[in-house]
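Some notes on the structure that comes next.
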Amino acid sequence: MGKKEQYSSRGILRYEWMFGHGFLSYGGADITRKLASQVDWEPGFHVLDVGSGLGGAAFLLAEEHRARVLGVDLTPEIVEIAQTRKAENPGIPVSFQQGDIHAFDWEANTFDVIWSRETLLHVPRKDELFGKFYRWTRPGGCLIITDYARRNGKGSPAFEDYVRESGYPLVDLETYGRVISEAGFEPLHTQDRSDLLIAQLEKQIDYLKTHRNRFLEQFSENELAECRQRWQLKLDACRSGDMKWGWFLGRKEAGPSS
Ligand SMILES: C[S@@+](CC[C@H](N)C(=O)[O-])C[C@H]1O[C@@H](n2cnc3c(N)ncnc32)[C@H](O)[C@@H]1O
């Protein structure tokens with residue numbers, strides 16, 4: 001599935017069906033809470049969600065941690081859905097802007113937390129972006145990222161085809177972590193959570209199997225086959241070690257002012 005089709009209106013809803021209401025990434029509210037528990041929240045914390053998708057994380061962080069969340073996302077159809085959901089919940093301090101994260105700029109030290117889930121896999125020049133993230137984070141603030149990564153070395157032909165067709169410029173976990181550190185985030189905690197991704201993929205494949213008929217009320221047989229095939233491919237790639245799930249927690253030291 002190409003990038004255009006991946007985030008077409010139908011593709012978005014199909015992904016949301018797989019991931020759960022508000023999410024286009026793994027683990028829904030549970031994983032969001034687990035990641036959020038790494039932050040010492042204070043009311044009013046300003047969060048930038050890079051690639052905010054349908055806003056699942058933004059709403060949760062605002063409701064459960066009294067954060068003010070700005071979500072930025074490239075895909076107009078996705079942002080439109082997130083903005084509609086915001087309009088239905090006007091009291092929640094979240095907002096969504098459409099655009100490429102590379103085109104935005106904020107003052108130094110603007111955000112307490114920069115958060116990004118399964119988005120930077122789309123970004124080839126991560127070093128420039130992490131430099132900006134560092135500048136935008138206030139001293140003592142943090143960066144939370146989960147993202148796909150790859151094995152260091154060549155993967156199976158099926159995995160290499162998947163990477164090529166998806167156009168994801170994936171890097172290995174060590175390189176990923178090094179780029180974040182070089183931007184200034186220290187200490188950086190890098191975790192290989194491929195075990196958790198395998199569990200999530202197995203759960204989703206199982207759910208699709210048991211809720212097949214419900215899926216077919218909204219989508220076609222072809223779409224079902226495509227979802228199954230794509231999820232199975234990711235599962236195989238994780239099990240073989242070709243694909244990895246990286247969790248990164250970086251902090252900006254309390255000392256520097258930019
Ligand atoms: C897999 S989805 C994850 C969405 C969301 N983070 C979540 O957890 O549900 C990836 C998102 O990144 C967005 N995206 C991709 N490249 C981007 C860029 N350069 N700037 C902003 N958003 C981007 C896509 O539009 C998509 O919504």
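Note that the numbering runs from 1 along the sequence shown for the chain. Just so you know, ligand 1 is whichever comes first in the structure, and atom 1 is the first atom listed for that ligand.
- Near L24, meaning under 4.0 Å from one of its heavy atoms, ligand 1 places the atoms 1 (C), 2 (S), 3 (C), 4 (C), 7 (C), 9 (O).
- Taking all heavy atoms of S25, A82, G20 into account, the minimum distance to atom 7 (C) of ligand 1 is reached by S25.
- Between D100 and ligand 1, at least one pair of N/O atoms sits closer than 3.5 Å.
- Ligand 1 has a nitrogen or oxygen under 3.5 angstrom from a nitrogen or oxygen of I101.
- A donor-acceptor contact closer than 3.5 angstrom links the side chains of E223 and S220.
- Contact annotation: for H122 versus ligand 1, heavy atoms closer than 4.0 Å belong to the side chain alone.
- Considering backbone and side-chain N/O atoms, V72 never comes within less than 3.5 Å of an N/O atom of ligand 1.
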Using salt bridge (charged side-chain N to carboxylate O under 4.0 Å, His left out), reason through R10 and E77 one step at a time and then give a plain yes or no. CA-CA 10 Å; R10 255 188 105 74; E77 293 83 353; over 6 Å; no
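- Listed by number with element, the atoms of ligand 1 under 4.0 Å from a non-hydrogen atom of T75 are 24 (C), 25 (O).
- In this structure the side chain of F133 never reaches within 4.5 angstrom of the side chain of F111, judged on heavy atoms.
- For residues 79-90, every residue pair satisfying the side chain to side chain donor-acceptor pair (under 3.5 Å) rule, not counting sequence neighbours, is listed here: E16-R85.
- Remark: ligand 1 atoms within the under-4.0 Å shell around heavy atoms of T119 are 6 (N), 10 (C), 11 (C), 12 (O), 14 (N), 23 (C).
- Each of the following atoms of ligand 1 lies closer than 4.0 Å to a heavy atom of G99: 20 (N), 21 (C).
- Between F104 and W106, the two ring planes are parallel [angle under 30°; tilted spans 30° to 60°].
- The distance from ligand 1 to the heavy atoms of F23 drops below 4.0 Å at these ligand atoms: 9 (O).
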Start with the C-alpha gap between R33 and E64, add the side-chain angles, then the distance that decides, and say whether side chain to side chain contact (heavy atoms under 4.5 Å, CB included) holds. CA-CA 9 Å; R33 290 194 180 106; E64 299 189 2; 2.6 Å; yes
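- The parts of D73 lying near ligand 1 are both backbone and side chain, judged by heavy-atom distances below 4.0 Å.
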Just do the side chain to side chain contact (heavy atoms under 4.5 Å, CB included) check on D147 and W245 with the steps written out, would you? CA-CA 6 Å; D147 205 2; W245 200 23; 5.9 Å; no
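- Side-chain atoms of W17 and Q218, non-hydrogen and from C-beta on, do get closer than 4.5 Å to each other.
- Checked against a 3.5 angstrom limit, the closest N/O atoms of G51 and ligand 1 fall inside it.
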